[in-house]
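Below: one structure, written as structure tokens.
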Amino acid sequence: MPAFRPPHIPSSEITPHDLYLSRRSLIGAAAGGLAFGLAGKALAAPLAAKPSAYKVADKLTPQKDVTTYNNFYEFGTDKSDPAANSGKFKPRPWTIEVGGLVAKPQTIDIETILSSFPMEERVYRMRCVEAWSMVIPWIGFPLSALLDKVEPLGNAKYVAFQTVVRPEEMPGQSGFFQPINWPYLDGLRMDEARHPLTILATGLYGETLPNQNGAPIRLVVPWKYGFKGIKSIVKITLTEKQPPCTWNILAPNEYGFYANVNPKVDHPRWSQATERRIGEGSGLFGGKRIDTLPFNGYADEVASLYSGMDLTKYY
Ligand SMILES: Nc1nc2c(c(=O)[nH]1)N[C@H]1C(S)=C(S)[C@@H](COP(=O)(O)O)O[C@H]1N2
Ligand SMILES: [Mo]
């Protein structure tokens with residue numbers, strides 16, 4: 001059973017006892033990783049993608065960190081749990097049900113998605129609300145291309161997303177401690193969903209998505225905190241009302257629906273002014289401390305979406 005820890009406490013606040021438990025589970029992960037790693041490896045396949053102009057200049061986070069330091073509570077709450085516990089997860093066959101306020105609702109197979117949308121490489125910063133960050137070479141395609149296919153109706157104002165529920169394959173959904181009322185849910189406003197930066201990712205580092213990163217398909221919205229990047233999506237629903245969002249339901253005073261990266265608005269329990277860039281620098285908690293940028297550095301592209309909002313407040 002994973003060590004209990006309240007959600008979203010940055011490593012810098014972890015007590016020595018928690019640290020011991022989390023290091024112990026890391027050792028376990030290394031041993032278990034050998035068996036599970038093989039199963040996972042068989043599924044990771046090269047995935048072709050054309051380069052794109054969406055590429056930040058920051059140094060890439062090593063693939064090892066991107067695939068072993070994860071948040072995916074369906075597989076456990078420690079950072080090492082998703083890589084260690086996702087070997088039984090089956091990302092194929094897979095379908096996504098796309099419906100709600102659309103003219104052409106449909107259930108789309110992942111193979112159809114991979115063959116009908118041109119895959120692009122997008123090098124984006126990812127900033128977790130816990131104040132750590134990475135730079136990840138995703139492979140994916142604009143969510144707007146999928147939305148076009150189902151023809152949204154005029155009254156569709158939001159897009160809701162849902163993660164798969166499979167307790168047999170996802171140990172975090174079957175254990176004694178259930179941190180979340182499954183399924184994991186999130187959503188976007190229509191203009192955010194249609195923004196060219198918003199992608200559905202199907203791979204990273206030139207390969208199909210590892211299970212721990214949200215195989216076979218997950219959302220990436222680079223100007224928002226990482227928890228908006230919902231993984232292993234099975235359902236997309238266009239709605240008139242603002243959809244529920246798992247972290248907002250769990251702690252509405254800590255996690256908003258919008259959750260735009262904002263160094264000026266601190267989390268109630270920690271500062272959001274700076275972040276630890278994982279894989280750079282050394283020390284016990286790893287990661288070079290750098291300043292957090294408004295909208296995670298994408299303000300030029302997205303600030304206009306929020307022109308009516310007071311950016312010193314929390315949404
Ligand atoms: N279904 C699901 N999606 C999820 C999460 C989760 O626990 N379950 N964690 C979120 C959080 S908090 C972050 S920071 C990112 C982490 O993505 P990564 O592990 O690929 O870096 O996934 C997000 N998507
Ligand atoms: Mo996160």
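What you see below is based on every heavy atom in this structure, not just the backbone, and it leaves out hydrogens, waters and symmetry mates. Note that this is a predicted model, so its numbers are computed, not measured. Ligands are counted one by one from 1 in listed order, and the atoms in each one are counted from 1 as well.
- Contact annotation: for E74 versus ligand 1, heavy atoms closer than 4.0 Å belong to the side chain alone.
- Using a 4.0 Å cut-off between charged side-chain N and carboxylate O, K55 and E121 make no salt bridge.
- Listed by number with element, the atoms of ligand 1 under 4.0 angstrom from any heavy atom of N71 are 5 (C), 9 (N), 11 (C), 12 (S), 13 (C), 14 (S), 16 (C), 19 (O), 22 (O).
- Ion pairing between R289 and E280 fails under the 4.0 Å rule for side-chain N and carboxylate O.
- Salt bridge status for E275 with R127: present, with a side-chain N to carboxylate O gap under 4.0 Å.
- For G229, a nitrogen or oxygen atom sits less than 3.5 Å from a nitrogen or oxygen atom of ligand 1, counting backbone and side chain alike.
- The aromatic ring centres of W223 and F295 sit 6.0 Å or more apart.
- Distances below 4.0 Å separate heavy atoms of F72 from the following atoms of ligand 1: 1 (N), 2 (C), 6 (C), 7 (O), 8 (N).
- Numbered from 1 in the order shown, with element, the atoms of ligand 1 that lie under 4.0 Å from a heavy atom of T163 read 1 (N).
- Residue-to-ligand polar distances place N213 within reach of ligand 1: an N/O pair is separated by less than 3.5 Å.
- Residue R218 places a heavy atom under 4.0 Å from ligand 1.
- Under 4.0 Å from ligand 1, the heavy atoms of M126 that appear belong solely to its side chain.
- Look at E151 and K104 and you find a salt bridge, because one of the NZ, NE, NH1 or NH2 atoms lies within 4.0 Å of a carboxylate O, short of that distance.
- Residues forming a salt bridge (Lys or Arg N to Asp or Glu O under 4.0 Å) with K313 (at least two apart in sequence, or on another chain): D310.
- Qualifying ring pair (Phe, Tyr, Trp, His ring centres under 6.0 Å) partners for W182, counting only residues two or more places apart in sequence or in other chains: none.
- In terms of polar-atom proximity, W247 is not counted as a contact of ligand 1, lacking any N or O under 3.5 Å from an N or O of the ligand.
- Atoms of ligand 1 lying under 4.0 Å from any heavy atom of C128, numbered from 1 in the order shown and given with element: 14 (S).
- Of the charged side-chain nitrogens involved, none lies within less than 4.0 Å of a carboxylate oxygen, so that R277 and D65 do not count as a salt-bridged pair.
- The shortest N/O to N/O separation between Q212 and ligand 1 does not fall below 3.5 Å.
- For atom 6 (C) of ligand 1, the candidate residues are F161, Y184, Y225, Y69; the nearest heavy-atom contact is made by Y184.
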